[in-house]
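Notes for the one structure printed next.
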Amino acid sequence: KDGKTVYAIVKKPSEEVELACSLPDRPFVEDVSSGVRLPVSVRFGKVVVRLPDALASSPLPFALRIGCANDRMSGK
């Protein structure tokens, strides 16, 4: 809606997932259902998110939200 947030649907999870998007400054990635922030890094130009065991072994798809930490802190 504001162009600052991207959502990713993960259908085949594993310990780490690669996202085909660029990260904003001060990015965060969180599980939409719990709001828990997940570790994120950039490896060889690809965004890599490390998933907790419960998500990594999930038989159901789930959503991740990728956004800018500045917006999250200000409540936007």
Are V32 and F28 linked, directly or through intermediate hydrophobic residues, by side-chain heavy-atom contacts shorter than 4.5 Å (ILVMFWY only)? no

Interatomic spacing from [atom1] in [X] to [atom2] in [Y] - rounded to 0.5 Å:
X   : Y   : atom1 : atom2 : value
L38 : I66 : CG    : CD1   : 9.5 Å
L60 : S33 : CG    : OG    : 10.5 Å
K11 : S58 : NZ    : OG    : 13.5 Å
Y7  : R65 : OH    : CZ    : 5.0 Å

Where is the tightest heavy-atom contact between L51 and S14, given as atom of each residue plus distance?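 L51 and S14 have their closest heavy atoms at CD1-O, 3.2 Å.
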
Considering residues at least two apart in sequence or located in another chain, which fulfil the side-chain hydrogen bond (donor to acceptor under 3.5 Å, both in side chains) criterion with S34?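 Testing S34 for side-chain hydrogen bond (donor to acceptor under 3.5 Å, both in side chains), a comparison that skips the adjacent residues, returns D31.
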
Should the heavy atoms of other residues, nucleotides or ligands under 6.0 Å from CD of E16 be counted, would the total exceed 12? yes

Within-4.5 Å side-chain heavy-atom neighbours: [X] and [Y]:
X   : Y   : value
V48 : V40 : no
E18 : V47 : no
F62 : P13 : yes

